[in-house]
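So you know, we letter chains A, B, ... as the sequences are listed, proteins then strands, and number each from 1. As the structure is a computational prediction, the values presented were derived from the model and not from experiment.
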Protein chains: 2
Amino acid sequence: MAQADPRLHVVVEAALFTLVDDRLCVALHRMRRGLFKGAMALIGGHVHPDEDADTRAAITRILADKAGLHDVFLEQLETFSGKDHHPQRWSVSIAYYALTPLDRLSEGFGLEFVDVDRLPELAFDHQRIVQAALGRLRRKGAYSNLPAMLLPAEFTFPELKAVYEKVLGAPLNDSAFRRKITELKMVEPVPEARSPATAERKRPAQLYRLADRRLAEWDRTL
Amino acid sequence: MAQADPRLHVVVEAALFTLVDDRLCVALHRMRRGLFKGAMALIGGHVHPDEDADTRAAITRILADKAGLHDVFLEQLETFSGKDHHPQRWSVSIAYYALTPLDRLSEGFGLEFVDVDRLPELAFDHQRIVQAALGRLRRKGAYSNLPAMLLPAEFTFPELKAVYEKVLGAPLNDSAFRRKITELKMVEPVPEARSPATAERKRPAQLYRLADRRLAEWDRTL
DNA sequence: TTAATAGTGTCTTTTAGACACTATGAC
DNA sequence: GTCATAGTGTCTAAAAGACACTATTAA
C-alpha cells in the first residue's frame, strides 16, 4: 500500500464566533513560536488518526482542549490548501466555523475575542478563512436559524431580532420579522411566561427558545 | 519541522454531472484493482504537491487527464474524512462537483455516465459524496444559474426551463419562470436572433446565452 | 390548415414592508 | 402619571402563481 506523501500536512481549524456586547467577535490566540510568532491565529491543530473518527471529531476535540467548549454549533466551512509559508511544505486545512453564546465560554484558555470589523493581520491564510466564514454566516443567516446559535438557550424576541440585524448587517422590520419567525415556528415560548432578569431593559419581555436546537433552513429569506 | 503523519492519505475527487437525454448523470469509472475492484467510483486521484498549486488545481488536472475536460464548472463540495476501508489507513477526501454540457465530453476515457436515479453500489463512500453533491446542486440550483452550467453555451428558453425542472425536481410555471429569468438578467439573447438547428423541435426558438458564464446567485428562489 | 410548441398578458393569491397603534412595566 | 420598549393590527406594495391567449413554423 502506498505511503502518504510526507510533504502534505493536514490540519483542522475553526473560526469560533460569539457576540460580546453586541459585537460579532472571533476567537483568536497569539502564536508563541514558529514562522508567525506574535501574530494572532484561529484555533486549530492536527488530526490524531487513532483518536479522531474524522476531521469533525478532531476539531471537536481541539475546541474542547483549547477553548473548553462542548456541544457547540459547528459546521464544516471549506478546505483551504496549497503551499503554506514553510518551504517545501504543502498543507490541507479543513476549516470549520463554530457559534456559541458568550455565557458558555470560560476564562483561562488564553483566547481573545476580537471584533470582526477590527481584525489585525492574522497568521497563515486565516484572514481568508475568517472572511469565508463571515460570508457563510451572513448568507446562510438570511434563511436559517443560524444567528440564534449566538444566543443563550433562552432569549427574547428583541434579542433575536438584534442578532439577526447584527449578522445580516441591515435593520429588519419589526412586525414582519415577528410574523416570519412565528409562521416558520422557529421558536416556542418558554412555558411559565418568563420575563427576563432585566438589566437596563425598560420592560420585561417574553422568553423564547428555539423549537429545535439544530440548524434549520428555509427556502425563503427572513 | 514535524513530519506529516504517514497514515493520513489525501485524495481529491469529483462528482461530474451532465445531462444525457434529459437524465441527470454522474461520471463513474470501474475500479480495476484494490479493495473495491469491480465497483464503480468517482473520478479522483492524489495531490501532487510540486505540480498542483492547491487541491482545486489537483482536481482540475485530474479532470483533464481522466475525462479530457478543460474549463469545466467546478466548485468545492465538502471534505470527507476518517478511516477508510483499508486497515490502519485514515483518509481525507476533498470532494468537488463539476457540471458540463454533454457536447464537451469526448469518448475514450472509459467513463460511464450513470443516471443518478439508478446508481449502483459505489466504491469507498462515493455514494455519500454523490448524494451530498446532488443536494448541493438541487438547493443551490434554486437561487442561482447553476443548472445552466449543464447546458451548452447557447440554449433556448424552453431548454433552460427544462434543465431547471430536472435539477429542482418540480415543474415550473412558464411565464413566471421567464419573468424571473428576465428580471434577473440571467441571460441575453444571441444577437442575430438565431433560431436553433431544430431536431424534433416543432418550432424554432430564440437562442440565449448566460449574461455571465460564472456562477451567479440571487437572494430569492426562482 | 392544422398541430404543436414559443412566447405574452393579465388576474389572483401570497408575501413582505411600512407604520401607526395599543400594552405593560420601571420610575 | 411619563417614558421607553414590547408587541399587535392593518394598509400597501411587490412578488409569485395560474392560466388563457396570441404567434410562429413544420408539415
Would you verify whether the NZ or CZ of Arg220(A) falls within 45 degrees of the ring axis of Tyr143(A) while also being under 6.0 Å from that six-membered ring's centre? no
Whole-Å distance between dA6(C) P and Phe157(B) CZ? 12 Å
Spacing of Asp219(B) atom CG relative to dT15(C) atom C1', expressed in whole Å: 14 Å
Assess the pair Phe155(A) and Tyr208(A): is the distance between their ring centroids shorter than 6.0 Å? no
Please tell me which of Ala176(A) and Arg220(A) maps to the more 5' nucleotide of DNA chain D, matching each residue to the nucleotide holding its nearest heavy atom. Ala176(A)
Minimal non-hydrogen separation, Val163(B) against Pro147(B), with atom names: CG2-O, 3.6 Å
Please report, rounded to the nearest Å, how far the C1' atom of dT15(C) is from the CD1 atom of Ile181(A). 15 Å
Rounded to the nearest Å, what distance is computed from the CG atom of residue Leu160(B) to the P atom of nucleotide dG7(C)? 12 Å
Taking the side chain of Asn173(B) as heavy atoms from C-beta outward, which of dA15(D), dA18(C), dA18(D) is closest to it? dA18(D)
Whole angstroms only, please: what is the OH-P distance between Tyr208(B) and dA6(C)? 12 Å
Just the rounded figure in Å: distance from P of dA6(C) to CG of Leu207(B). 12 Å
Nearest heavy-atom pair of Leu222(A) and Gly141(A): which atoms, and what distance? CD1-O, 4.2 Å
Please confirm whether Arg136(B) makes a cation-pi placement over Tyr97(B), using NZ or CZ under 6.0 Å from the six-membered ring centre and within 45° of the ring normal. no
Contact class for Arg178(B) (heavy atom, under 4.0 Å): base, sugar-phosphate, or nothing? base
The answer to which of Lys180(B) and Asp174(B) contacts DNA chain D further toward the 5' end, by nearest nucleotide, is Lys180(B)
OP1, OP2 of dA27(D) versus side-chain N and O of Arg203(B): anything below 4.0 Å? no
Separation of Leu184(B) atom CG from dA16(D) atom C1', in whole Å? 13 Å
Atom pair distance, as rounded to whole Å: NZ in Lys161(B) and C1' in dT8(C): 14 Å
Which part of the nucleic acid, if any, lies within reach of Arg179(A) when heavy atoms closer than 4.0 Å are counted: base, sugar-phosphate only, or nothing? base
The side chain of Ser175(B) lies closest to which of these nucleotides: dA23(C), dA18(D), dG17(D)? dA18(D)
